[in-house]
Amino acid sequence: MGLTLLGLFLEFLTKSKFPQPFLRPPKLDSAVTEAGKLEPMARKDRPAKKQTAASRKLNGGEKPLRGAERSAYFARREAAKVLRTVLEGDARRRAVGSIKSLVYSPSIRNKRATFALVCETLKHLPVIKDVLRATNVLNSKWKRQEELLCIIAYDILFGKESLATGDAEKLLLSRKDKLRSALVHLLEKKRVKHIKELMPQCKISDMPKPRYVRVNTLKMDVESAILELTKQYAVDKDDMVPGLLKLPPSTDLHKHPLVINGSIFMQGRASSMVAAALEPKPGWWVSLLSTEELIPSDVLDACSAPGNKTVHLAAIMKGKGKIIACELDKQRVKRLEATVRLAGATNVKVKHEDFLKLNPEEPCCSKIRAILLDPSCSGSGTAIDRLDHLLPSYAAVLDDTGNSDRLMKLAAFQKKALEHAFSFPAAERIVYSTCSIHQIENEDVVKSVLPLAASHGFQLAPVHPQWPRRGLPVLDGSQHLLRTDLVEDGEGFFIALFVRKADKRPQEYAESETCEGYRSKRFLRKKTEFVNYFFNNRFRMLLYPPFRLKKQR
């Protein structure tokens, strides 16, 4: 009965002439039959979607791109953008970030295709450039889009042949035969039979490397992170660094919600040891002898970008105190600020400034108690993990003698930066670290500054004593230095800790302590002063009235 009434009512609505807004218009993919029912339309009868201006522009005014064509088109453009950033940073020897970090940034949509294009193009880059020069493709018009042409040339010569979806693709496809002829001629000229013989060879360890993640305790406690991660992976706590978790090799967490919201950071074990070696305390304070004034002390991260160690310091300090993060490069400052925002580290102040130009006598620098110095280095200890072995400069990085001009310049800068760190008057702990395997950047730098360090009251102190691998025996105190092995540990890091002796601090500073300790001592001092004042004055006046009257007169 109910269905019959409903059918009559719908028929009445269909035949009645109501105003148009009263009735809901039919869907585009359906049609109204003579019976008044909606039935799906055949695909060929459906109205075609309008061609957008963007689609016409991508395809040179022809039919719009669809599906795989559009995805491949944008992947090549995104890969070209990443490739340009990588090559510019490699030429200046100051990378904005690693290949992985650039590809997996939020601005890249098709991350998997972009990553594959960038890596494969870098592997074949010398060959591709020779072929493009031989065919005279890199003329004045296309010189500015050299990276894009390299990406497309890789697709034509070694990958999937590109479709004619853009002007650059059409240009190279029109010269496809010339490009392949130039490649054959290059193989004959080099007297090789296969293209692999022209590519630089790199020894990479086949040992699987675990995935380490550090829990950002500013947003989540360790147990909650373990509970969430164990839903998908096997998780173990690291026995060296608090809050560091070990996951199976090849675990991909780039799209995990905890990574996206900054609750955990993908950070290597050796990299996490650096901030832990500095051991900053939450609520550090310094008291002045001259005024007995309580001054909060600061922590300085001298060369802080991209910021993983900076936010690790903030987590160790539980968001208290103040961390000054210095970075000279403008692009790296942006990345540093993004990392700080993601971590929720509100106690970090980013300074776009050169660490070497900081004046230790200025008020903002005179309260710095601990310094983390992780200066620019060759990166030879993380080259494989960062995919730096694909870069043009990698041949110089793996120079076994360690005496290349670049390493000499890096060592000179590292020594200058470490010497400057000793000049901060309130500094008590200084950590010097590199991700290099070369002695010239590690033990040699430390050895060269030992006399200056001793003059300021600093001496080498043990770093993570339970770690088995120590520094090379080329200086006194090498047993206090820490090294990680590139093959056995997957990363090649070096850490040195300098601690200032208690009797060598400047005279204007009293013994530094935590805020809680200082307040406790101050309370006891004030209590003692009150008791002494009461018994020496007020109580005496009560016992001796004549003395009180004499005082009043």
Does the side chain of [Y] come within less than 4.5 Å of [X]'s, by heavy atoms?
| X | Y | result |
| --- | --- | --- |
| Ser478 | Arg470 | no |
| Pro249 | Lys209 | no |
| Asn347 | Lys320 | no |
| Phe265 | Val213 | no |

Within 6.0 Å of [atom1] in [X], more than 12 heavy atoms from elsewhere:
| X | atom1 | answer |
| --- | --- | --- |
| Lys219 | NZ | yes |
| Asp476 | CG | no |
| Lys447 | NZ | no |
| Lys246 | NZ | no |

For [Y], is there any backbone N or O sitting under 3.5 Å from a side-chain donor or acceptor partner on [X]?
| X | Y | result |
| --- | --- | --- |
| Thr114 | Val103 | no |
| Glu327 | Ala305 | yes |
| Arg500 | His456 | yes |
| His256 | Leu258 | yes |
| Ser271 | Gly268 | no |
| Arg429 | Leu497 | no |
| Thr339 | Arg335 | yes |
| Glu147 | Lys81 | no |
| Ser378 | Ser436 | no |

Could you grab the distance from atom [atom1] of [X] to atom [atom2] of [Y], nearest 0.5 Å is fine?
| X | Y | atom1 | atom2 | result |
| --- | --- | --- | --- | --- |
| Asn308 | Leu336 | CG | CG | 10.0 Å |
| Gln267 | Lys309 | CD | NZ | 6.5 Å |
| Ile495 | Tyr432 | CD1 | OH | 12.0 Å |
| Trp467 | Met273 | CH2 | CE | 4.0 Å |
| Ile108 | Glu78 | CD1 | CD | 4.5 Å |
| Ile371 | Phe422 | CD1 | CZ | 9.0 Å |

Using a strict cut-off of less than 4.0 Å between a Lys/Arg side-chain nitrogen and an Asp/Glu carboxylate oxygen, indicate whether [X] and [Y] qualify as a salt bridge.
| X | Y | result |
| --- | --- | --- |
| Asp489 | Arg483 | no |
| Glu223 | Lys237 | yes |
| Arg469 | Asp485 | no |

- Task: Start with the C-alpha gap between Val463 and Phe494, add the side-chain angles, then the distance that decides, and say whether side-chain contact (heavy atoms from CB on, under 4.5 Å) holds.
- Result: CA-CA 10 Å; Val463 181; Phe494 173 84; over 6 Å; no
- Got a sec, which residues hit ring-ring contact (aromatic ring centres under 6.0 Å, His included) with His420, two or more places apart in sequence or on another chain?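 If we apply the ring-ring contact (aromatic ring centres under 6.0 Å, His included) test to His420, skipping adjacent residues, the hits are Phe355, Phe424.
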